[in-house]
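Have a look at the structure below, then the notes.
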Amino acid sequence: MAKEALKIGEISKPRFEFRTFGRDFDNAAYLMSRLSVPVPEKVWERTSEEFYIVSKTNDINNTKIRDGKMDIKTFVQEVDGLEQWNPLMKAEFPIKAETLKKEVYPAFMVDIPSFDKESYTYDEFMEMIKNHPDLQAVKVEKQRYGYMVNDTICEVANVWINGASVVTVNSESTELEDIKKTINDLGLEGVENINYLQAIKRVIGWSDKSLAN
Amino acid sequence: MIKTQNPRYEFRIFGNHLEKIEKQIREMAKEEQTRIMTSVYLLASGNPKNNIKIREGVMDIKVLEDEHEGLEQWDPFLVGEFPLKAETIKNVIFPALGVHYPAFERDEYTLEQFVDELISGDPDLSVAYVMKKRHGYTIKNVITEVAEIKVNGASIKTICIESENPSKVLKIKAKLGIEKNVENVNYPLALKRIMGLVSLPENWKSESF
């Protein structure tokens, strides 16, 4: 069966992803820029500010809020060290208490608080997160540079987690073999696959593991 | 506890864009030394007056003694070298952390045992692993330092001016062009912000500090 051509910025079937975090990926970034086919100008450089909601009791649902919109992805499977995540839910503030109770808090896998309002604004929701002992809203700023290597969507990004800086590189595609070739071509063989949730937990001290370098 | 030096007044900032101040420092003084070290900081969210760290197996505590015109005076004490006696941990370290001490199952603790058995399980305590590359300068007899640090693997820079004499610190701060309203951020506060143990101020953003 012919593989589906990936286009940056467009929706495809669920992708597998290799991502890692550290402080120095200069060599991988250089190779990525040289091996990439030309990509649309809109992905050359993108910046964003987001909040990730991390939970002490959950590593399988990844919740982020950007521009007043909440987006939760859920871990589906790992194949050959590559991770597949699918969208679980999307919502825009104000969010109904019913949605928080039945979809959002279950994704955090923590005790569900009592809700005394019908819907919650962004500020009200963030206050609830602040008051929950097992949850934390982590500020994540990104400066992302997009590429396309071996038909996989790639990026190198500077990321600031609560103001402290790390670098991430990734390769994602529906095709496992294309990602594996890209990992090899970028000199990243043997480097640990670290997703955003794990990187954030390591920096804020919720995991005692180190970043990749 | 043993007093290790006279208390100093300190002004410290953290950020990602400190190049302008760094350049000023390099124009005013020659770098005297570079030191690379790893420190383990113990953090408790309700404890702003003690700076507790372990370096090369030795624990010291700096106590915030005074605040003067935006400067902080820290008084350092040496607690001792690991393994530390349970009695010392109970009577010195936990009171400094401001939390109740746990049950002790050993007479003394190695650093690893201390972190694993007494600190990690306490929801009110956190540990920050900090690698520092410290560049030391002296400007008009005032210790000035630029350091690249890694907090649990993530990078940020810090600049510090310190002296026993607060007016000297204020003078160098002004010479470096640091405005009066710039916040003085000590190590425990910066680490707590990065680790999300306290709220972030609005200006705690990658591009603005």
Side-chain angles (χ1 to χ4, degrees), chain A residues 20-26 45 47-57 110 123 126-127 129-144 157-168 192 194 196 198-213, chain B residues 13-18 38 40-46 111-112 115-116 119-133 147-158 183 185 187-209:
Chain A
T20 193
F21 282 83
R23 295 183 299 269
D24 181 6
F25 292 109
D26 286 355
E45 181 180 345
T47 57
S48 62
E49 184 180 310
E50 294 151 19
F51 276 93
Y52 280 72
I53 311 296
V54 291
S55 160
K56 283 185 179 168
T57 52
V110 295
D123 288 341
M126 293 302 258
E127 192 59 28
I129 299 297
K130 193 175 156 189
N131 294 329
H132 199 296
D134 293 328
L135 299 175
Q136 192 186 123
V138 179
K139 185 187 223 173
V140 177
E141 298 161 83
K142 301 177 185 174
Q143 183 181 40
R144 303 159 61 199
N158 299 313
V159 176
W160 291 269
I161 297 172
N162 283 340
S165 154
V166 291
V167 178
T168 178
E192 187 188 4
I194 304 172
Y196 260 99
Q198 287 304 315
I200 290 168
K201 284 191 169 187
R202 292 178 193 193
V203 171
I204 68 170
W206 282 11
S207 162
D208 56 8
K209 289 183 181 170
S210 305
L211 300 179
N213 64 40
Chain B
I13 50 173
F14 285 80
N16 297 297
H17 300 287
L18 305 178
T38 303
V40 179
Y41 282 81
L42 303 183
L43 305 167
S45 51
L111 173 57
E112 201 179 346
V115 172
D116 290 350
I119 302 294
S120 295
D122 191 323
D124 294 325
L125 299 177
S126 298
V127 178
Y129 294 91
V130 182
M131 285 174 64
K132 305 178 184 176
K133 189 173 185 184
E148 294 112 39
I149 68 163
K150 291 169 185 95
V151 181
N152 296 334
S155 306
I156 197 163
K157 276 192 171 182
T158 177
E183 187 189 15
V185 180
Y187 254 105
L189 179 57
L191 298 176
K192 285 176 187 176
R193 286 180 178 173
I194 291 166
M195 294 173 70
L197 299 171
V198 293
S199 299
L200 297 179
E202 267 303 304
N203 65 349
W204 193 258
K205 294 175 73 161
S206 67
E207 287 176 13
S208 60
F209 77 111

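Per chain, numbering begins at 1; letters A, B, ... match sequence-line order.
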**Message:** At a 4.5 Å cut-off on heavy atoms, which part of B/S120 comes close to chain A: side chain, backbone, both, or neither?
**Reply:** neither
**Pairs touching residues 187-196 of chain B that satisfy side-chain hydrogen bond (donor to acceptor under 3.5 Å, both in side chains), sequence neighbours left out** = B/E183-B/R193
**Asked** Hey, which of B/A128, B/G153, B/S155 has the most heavy atom pairs under 4.5 Å with chain A?
**Response** B/S155
**Prompt:** What part of B/L200 gets closer than 4.5 Å to chain A, counting heavy atoms only: side chain, backbone, both or neither?
**Reply:** side chain
**Prompt:** How close do A/S165 and B/N16 get, heavy atom to heavy atom, and via which atoms?
**Reply:** CB-OD1, 4.2 Å
Please list every donor-acceptor pair under 3.5 Å in which a side-chain atom of residues 130-137 of chain A meets a protein atom from a residue at least two apart or in another chain.
unit_1	atom_1	unit_2	atom_2	d
A/N131	ND2	A/E127	O	3.1
A/H132	ND1	A/D134	N	3.1
A/H132	NE2	A/D111	O	3.1
A/Q136	NE2	B/M195	O	3.2

**Request:** Measure B/K157 against the heavy atoms of chain A and call it side chain, backbone, both or neither at under 4.5 Å.
**Result:** neither
**Asked** Taking non-hydrogen atoms and a cut-off under 4.5 angstrom, which of residues 201-208 of chain A neighbour chain B?
**Response** A/R202, A/V203, A/I204, A/G205
**Request:** List in chain and number order the residues that pass salt bridge (Lys or Arg N to Asp or Glu O under 4.0 Å) with B/K132, two or more places apart in sequence or in another chain; answer none if no residue qualifies.
**Result:** none
**Message:** Please report the interatomic distance CZ(A/R23) to CD(B/E148), rounded to the nearest 0.5 Å.
**Reply:** 11.5 Å
